[in-house]
Amino acid sequence: MIHPASNLEWGRPMWHWLKKYILALPEKPDLHQQAQILIDLAKFRDRIPCPECKKHWIKLCKKHHAPIYDRAEFLQWKEDQRYRVKQHI
C-alpha cells in the first residue's frame, strides 16, 4: 500500500525551492520577469499535493499579495507566508 506523503515530506522542499527561486531573481524584476513570476507561482500552487493545503495557500495569497517587484520584499513575503502556514497546521 502506498501512503500519501506527509506535509513535512513535501512542504520543506517546496519552501526551499521557493526561497532559491526568489534569491535567483534580480533585485528589481522588470515587467516581463514579473509576468513570469506570476506564472511560476501558479505552477508552485498547482504542485501542492494536499487539497486542503492548496486551498489555504490560495486564500493566503489572495489576502497577502506577493510583492514580486522587489526581491527583498518578495523574500520577506515568503517567510511571512511560511509562518502563516505553520500557524494553520
| Which of parallel (below 30°), tilted (30 to 60°) and perpendicular (above 60°) describes Trp17 and Tyr21? | parallel
Atom pair [atom1]/[atom2] of [X] and [Y] - distance to nearest 0.5 Å:
X     : Y     : atom1 : atom2 : value
Asp40 : Lys43 : CG    : NZ    : 5.5 Å
Trp15 : Glu79 : CH2   : CD    : 8.5 Å
Gln34 : Phe74 : CD    : CZ    : 10.0 Å
His32 : Ile37 : NE2   : CD1   : 10.5 Å
Glu73 : Lys78 : CD    : NZ    : 16.0 Å
Gln76 : Ile22 : CD    : CD1   : 10.5 Å

| Enclosure of Lys54 NZ (heavy-atom neighbours >12, cutoff 6.0 Å) | yes
| If you count the non-hydrogen atoms of other residues, nucleotides and ligands that lie under 6.0 Å from CZ in Arg45, is the total more than 12? |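 Atom CZ in Arg45 is packed in, count exceeds 12.
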| field | Non-hydrogen atoms of Cys53 and Cys50 that approach each other most closely | value | SG-SG, 2.9 Å
| request: Write down the atom of Arg71, the atom of Pro26, and the distance for their closest heavy-atom approach. | output: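 For Arg71 versus Pro26, the nearest heavy atoms are CB-O, 3.6 Å.
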Under a single-linkage definition using a 4.5 Å side-chain heavy-atom cutoff for Ile, Leu, Val, Met, Phe, Trp and Tyr, are [X] and [Y] assigned to the same hydrophobic cluster?
X     : Y     : value
Tyr69 : Leu75 : no
Leu25 : Leu23 : yes
Ile58 : Ile68 : no

| task | Answer whether the closest heavy-atom distance between the side chains of Lys63 and Leu60 falls below 4.5 Å. | result |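 When only atoms from C-beta onward are counted, Leu60 and Lys63 do not touch, as no gap falls below 4.5 Å.
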| Quick one: does Lys86's side chain get under 4.5 Å of Arg82's, heavy atoms only? |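 Result yes, sub-4.5 Å side-chain heavy-atom pair found.
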| field | Listed partners of Lys28 passing salt bridge (Lys or Arg N to Asp or Glu O under 4.0 Å), at least two apart | value |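 For Lys28, the residues satisfying salt bridge (Lys or Arg N to Asp or Glu O under 4.0 Å) (neighbours in sequence not counted) are Asp70.
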| field | Arg84 and Gln81: side chain donor to acceptor below 3.5 Å | value |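 Note: Arg84 and Gln81 side chains meet the donor-acceptor criterion.
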